[in-house]
Amino acid sequence: MRVHNFSAGPAALPLAVLERAQQELTDFQGSGMSVMEMSHRSKAFVDIAAQAEADCRTLLAIPDDYAVLFLQGGATAQFAAVPLNLCPNGGKADYINTGSWSTKAIKEAARYLDAHEAASSKTSNFDRIPPFTDWSLREDADYLHLCSNETIGGVQFHDVPAVDALLVADMSSDIMSRPVDVSRYGVIYAGAQKNLGPAGLTLVIVRRDLLDRPASAVPSVLDYAAQAAADSMANTPPTYAWYLVGLVFQWLLQQGGLAAMAERNARKAQTLYALIDGSNFYASPVQPESRSHMNVPFTLPDAALDAEFLAGAEAAGLKNLKGHRSVGGMRASLYNAVELDAVEALCSYMQDFERERG
């Protein structure tokens with residue numbers, strides 16, 4: 001029996017994608033072998049890769065002057081790849097610190113350049129996006145980095161301010177959940193294991209003029225120019241993960257694209273937030289204007305009830321609701337593959353638990 005999976009990542013995948021992969025697992029389109037068994041240089045896989053890129057470009061309306069890369073190492077590898085590619089000889093970069101993943105990105109970038117925390121909401125326990133009036137951007141910074149959605153803290157940029165700087169964004173936990181104007185960014189990167197597919201693949205979208213920067217000190221697997229020239233195959237890619245991501249792209253197109261997904265995701269989030277805000281039992285630690293549509297943290301009135309709440313949720317088929325170990329409480333991740341009925345089932349359970357323990 002399928003459960004309602006609220007995992008923050010690796011996360012739920014569309015059932016239709018899993019069933020398609022199951023059908024093709026041992027024999028992909030009459031090839032007599034699985035995708036995970038075939039050469040990444042074979043025509044069959046090259047076609048899979050090309051279709052995935054084409055569908056990705058369609059979904060995000062990616063301009064032709066951007067390269068689309070399918071790499072490895074997760075967003076964590078990109079914490080190093082971004083400064084190494086954009087500032088191969090060192091330089092300056094501004095970072096907006098909105099939580100755990102922004103903090104990690106800043107720490108890693110500081111190994112290679114002058115990484116300046118241009119704004120932070122740390123003093124308010126990362127409960128909001130820092131207001132633009134508080135941003136201290138440097139005119140000579142080589143780029144400005146932000147995390148569009150913090151998976152752990154549950155804060156999200158709903159509108160990125162217009163800036164003159166070269167924008168770089170970690171979109172790991174909200175990529176493909178809504179339309180994005182790619183042309184506003186120099187680099188967008190995202191680990192796949194939230195909205196795109198299984199862990200093991202990282203999507204990188206980079207403006208082609210940025211590939212011209214000399215990057216002799218960059219390891220070849222992290223070198224954007226080298227990977228673009230090799231069609232993301234400077235090393236053997238995670239072929240099966242790439243194939244599954246391609247199936248997710250096809251599924252997203254069948255659902256009506258990213259505008260349709262944005263409406264669905266907003267409805268799911270609003271349903272859960274309405275219950276939390278209408279309750280005297282549950283609470284959200286995030287300011288309303290910064291609340292994520294992807295990751296919804298919430299707390300109970302007494303942490304001593306957490307274990308009982310989680311045990312009851314597990315028994316009801318509501319899985320992976322425990323908050324991140326660094327913040328505690330609960331967290332429901334509402335990625336694209338999480339259906340509205342899952343959110344409604346969670347809300348029903350939460351109401352029952354409040355009546356019994358409130």
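No hydrogens, no waters, no symmetry mates; every other heavy atom, side chains included, goes into these values.
Put simply, Met294 and Leu321 are part of two different groups of oily side chains (I, L, V, M, F, W, Y) that touch within less than 4.5 Å, one to the next.
Below 30°, between 30° and 60°, or above 60°: for Phe70 and Phe249 the angle between ring planes is between 30° and 60°, a tilted geometry. The aromatic rings of His158 and His293 lie tilted to each other, with the angle between the two planes from 30° to 60°. Aromatic ring pairs are classed by plane angle as parallel below 30°, tilted from 30° to 60° and perpendicular above 60°; the pair Phe309 and Tyr282 is perpendicular. Ring planes of Phe6 and His4: tilted class, angle from 30 to 60°.
A donor-acceptor contact shorter than 3.5 Å links the side chain of Thr103 to the backbone of Gly99. A distance-only check finds a donor-acceptor pair linking the side chain of Asn85 to the backbone of Tyr224 [under 3.5 Å]. Panel note: side chain Asp27, backbone Gly30; a donor-acceptor pair is recorded below 3.5 Å. Remark: the backbone N or O of Ser121 is paired with a side-chain donor or acceptor of Ser124 at under 3.5 angstrom. In terms of modelled atom types and a separation under 3.5 Å, the side chain of His116 and the main chain of Ser136 share a donor-acceptor contact. No donor-acceptor distance shorter than 3.5 angstrom exists from the side chain of Ser348 to the backbone of Glu344, with no hydrogens or angles considered. Side-chain atoms of Asp223 never come within 3.5 Å of backbone atoms of Pro219 as a donor-acceptor pair (strictly under, hydrogens ignored).
The pair Arg128-Glu289 does not meet the salt-bridge criterion, since no charged nitrogen lies less than 4.0 angstrom from a carboxylate oxygen. Remark: Glu263 does not engage Arg267 in a salt bridge, criterion side-chain N to carboxylate O under 4.0 Å. Between Asp94 and Arg138 a salt bridge is recorded (basic side-chain N to carboxylate O distance below 4.0 Å). Note on Arg207 versus Asp65: no salt bridge recorded, every NZ/NE/NH1/NH2 to OD/OE distance being 4.0 Å or above. In this structure, Arg264 pairs ionically with Glu339, as a charged nitrogen and a carboxylate oxygen lie closer than 4.0 Å. Ion pair Arg111/Glu108 flagged as a salt bridge, since at least one NZ, NE, NH1 or NH2 atom sits closer than 4.0 Å to an Asp/Glu carboxylate oxygen. At a threshold of 4.0 Å, the pair Asp127-Arg291 does not count as salt-bridged, since none of the basic side-chain nitrogens sits closer than that to a carboxylate oxygen. A salt bridge is defined here as a Lys NZ or Arg NE, NH1 or NH2 lying under 4.0 Å from an Asp or Glu carboxylate O, and Glu24 with Arg20 meets this definition.
With a 6.0 Å radius and a threshold of 12 heavy atoms from other residues, nucleotides or ligands, Lys319 has its NZ atom above the threshold. Other residues, nucleotides and ligands contribute more than 12 heavy atoms inside 6.0 Å of the CH2 atom of Trp242. The environment of CG in Asp164 is sparse: at most 12 heavy-atom neighbours from other residues, nucleotides or ligands sit within 6.0 Å.
One distance of note links CG of Leu310 with CZ of Phe353; it measures 9.0 Å at 0.5 Å rounding. Once rounded to the nearest 0.5 Å, the distance linking NZ of Lys107 with OG of Ser102 reads 14.5 Å.
Between Leu201 and Leu71, every side-chain heavy-atom pair lies at or beyond the 4.5 Å cut-off.
Here the rule is side chain to side chain contact (heavy atoms under 4.5 Å, CB included) with Val286, and of Val155, Ile129, Val296 only Val155 fits it. Looking at Leu346, Asp341, Leu340 one by one, the single match for side chain to side chain contact (heavy atoms under 4.5 Å, CB included) with Lys268 turns out to be Leu340.
Residues Ala52 and Gly246 share a closest heavy-atom pair of CB-CA, 3.9 Å. Here the closest non-hydrogen pair linking Ser284 and Tyr273 is OG-CE2, 4.5 Å.
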Let me check something: any side-chain donor-acceptor pairs from residues 180-194 under 3.5 Å, sequence neighbours excluded? List them with distances.
unit_1 : atom_1 : unit_2 : atom_2 : d
Asp181 : OD1    : Ser183 : N      : 3.2
Asp181 : OD1    : Ser183 : OG     : 2.5
Arg184 : NH1    : Val160 : O      : 3.0
Arg184 : NH2    : Val160 : O      : 2.9
Arg184 : NH2    : Pro161 : O      : 2.9
Tyr189 : OH     : His145 : NE2    : 2.7
Lys194 : NZ     : Ala8   : O      : 3.1

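Residues passing the side chain to side chain contact (heavy atoms under 4.5 Å, CB included) test with Asp231, sequence neighbours excluded: none.
Donor-acceptor pairing under 3.5 Å is lacking for the side chains of Asn195 and Ser177. Residues Gln156 and Asp174 bring a donor and an acceptor atom of their side chains to less than 3.5 Å of each other.
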